[in-house]
Amino acid sequence: MAESNAVEIRDVVKVFGFGEFAFSAVDHASISIRKNEFFTLLGPSGCGKTTLLRLIAGFEFPTSGEIILNGEDIAAMPPFKRPINTVFQSYALFPHMTVADNIGFGLTMLGRPKQEVRDRVAAMLKLVRMEKLADRRTSQISGGQQQRVALARALAPQPKVLLLDEPLSALDYKLRKDMQIELKRLQAETGITFIFVTHDQEEALTMSDRIAVMSAGKILQVDTPRAIYDAPTDRFVADFIGETNFLRGRIGSVSGGIAQVETPMAGRISATLPPDFVPDGEVTVVLRPEHACLWLPNDSAPCQTTGTLENIVYFGTDTHYHVRLQDGETQFMLREQNKPLQRQRFSVGDQVGIMFEENAARVLRN
Amino acid sequence: MTQPGANEAERSRDIRKRWLLSLPALLIVLAAATGPLLIVVLYSFLSPGPYGDVQWQPSMDGWIGVFLERDMFTETLSIADAHVSILIRSVMLSLVTTVVTLLFGFPTAYFIATRPERTRELWLLLITIPFWTNLLIRTFAVLQIIRNDGLINGVLMKLGLITRPIQMLFTDGAILTGMVYVYLPLMVLPVYANLEKLDFRLVEAAYDLYATPFRVLTRIIIPLAKPGLIAGSILVFIPALGAYVTPSILGGGKNLMLGNLIELQFGQGRNWPLGSALSITLMLIVTAALLFYVRNVGSQGSRHG
């Protein structure tokens, strides 16, 4: 099992500052990142994802814990001894070197023969489609091209793991979309494990094999994009990724991993429990806006709950409905995909029924 | 649509106005910089007067005297060994001073540049404090430390490590020590200014790409700090070459440098044309050094500076 892991982070803590100013940037984090995986660290700024990346790269050393690479604890190893390379947010290209010299730098430092360096640089330039700009200075190429050079430079020494620190954040929207596809292609072609740091949930969902969601130095959930989106286990994860409805209630009965939750605003909801979670008293139930649908009261359908339609927002691809539930406080949001030339079925002020999709509601850990 | 002729006239009026506006500056440059220099050039081609000054009689003796000397009795010319050795000592001492200030100045500047931003100014202040004191006093302070009954010899004698004082004063080493002390800030400041702009993420990137700390220094930091290192070297080398006060006090009049030799011609030597010729020789050496800088670093520095 350990053989299939590229990097294992075991109970890593990183504390900055001393005494009363001490601050845990990474707080008892443990993750196993598999070989050939596109792994994403996702979280808001200041959540510790970049610190964790810097710990893996070797720019910081953990206060405690182990970082295992190929069965060896590298936590105290300097960066120039780790078979790990980084694509920096600022690219950090060497301004006094040409594009080709930048890409060849790592191999030269490893003492590879000149011919090998030259061949590898040529192959890398081809891989990122930059053959024509080999002899340019890095200040003479565009932001997107610098991005490609930074990628080629980090990939050239064929590292075991490639770290990417929000590499797309400086690019404009169109270029970012292209680079997302490009990155996936490079990862597939090179077979190198990618650890990608971002605060952009969409980027994380579209590119990753698995995502670790971080908040305040802690890793909250590690799972596939689909599971992170459909089955968040923490309130933070549910809130950070996508839009969500939260419903508070009391646990009624539990059987087979499904809990019956009594809520004041939507009656009894059957919701899936997170694994290894023993619910106790008050819980929060989460439901995505597209996992419910609206009915007019005269449609004879088994509604979960009813409410008053307060607002309709047209978004092009879909329409958002905001419904005030029967308790008069909770606002519930639904999302329906638009169909061509669809007649508007509802209008503001309508009494509407809401139906939940089966197995869509989930209990959160807190 | 203006007539081409009218356009021409307007442009020439514009050019005239520009010249008129820059006239005061040009006058100052002419009167304060070029003028005195021309006088020095002129004097170097005249004959010395018996009590100093010059006689209005053209002569090449001043220039001949820079490298050659006329035998008093036979009137034959031979190489002026004293001048040549002073010239060589001046260049050598200035070069060594530059190298030593580089060796001390670069780590100092690097240290300051890597401090937290709040404390950097304090360190810079400490570096510049010696500047607030007169050069003469600073030089005498060095003299107090290294003279025979000075601080170093006193301590060594008290400790019983030596029985007789070591002769440190009035040697080339004394001049070197004094010049390094005096010119060190001139090296630290430009190097610091350069290192302070250095993007330390580049250092991280190099570490990440398997460069050892020594390789990071030689492949990344020094190449990027090169404009500052060169600027500092020039700022040290040029005044060191013409140094007068430091070699005169710490060299004790025996170990002359070019500055002292020039002073001698205008004082006791009463040979102003030779003094002028020596001054211009010094200036030519400096110009050559500057041209070397411009050729090798100037253009490259601006590309990524």
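A, B, ... follow the sequence lines: proteins, then strands. Residue 1 opens every chain. These values consider heavy atoms only, across backbone and side chains, with no hydrogens, waters or symmetry-generated copies.
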Around atom [atom1] of [X], are there more than 12 heavy atoms of other residues, nucleotides or ligands at under 6.0 Å?
{"X": "A/K184", "atom1": "NZ", "answer": "yes"}
{"X": "A/E189", "atom1": "CD", "answer": "yes"}
{"X": "B/F104", "atom1": "CZ", "answer": "no"}

By side-chain hydrogen bond (donor to acceptor under 3.5 Å, both in side chains) - contacts of A/Q187 (at least two apart): none

Contact check, side chains of B/I220 and A/M97, non-hydrogen atoms, under 4.5 Å: yes

Heavy-atom closest contact (B/R215 atom, A/T108 atom, distance): NH1-O, 4.5 Å

Interface residues of residues 119-126 of chain B facing chain A - non-hydrogen atoms under 4.5 Å apart: none

Proximal to chain A - members of residues 198-212 of chain B, heavy-atom separation under 4.5 Å: B/R201, B/L202, B/E204, B/A205, B/A206, B/Y207, B/D208, B/L209, B/Y210, B/A211, B/T212

Nearest-0.5 Å distance, CZ of residue B/R219 to CZ of residue A/F94: 10.5 Å

Check whether [X] gets within reach of chain B through its side chain, its backbone, both or neither, counting any heavy atom under 4.5 Å.
{"X": "A/L163", "answer": "neither"}
{"X": "A/L107", "answer": "neither"}
{"X": "A/R54", "answer": "side chain"}

Listed partners of A/R118 passing salt bridge (Lys or Arg N to Asp or Glu O under 4.0 Å), at least two apart: none

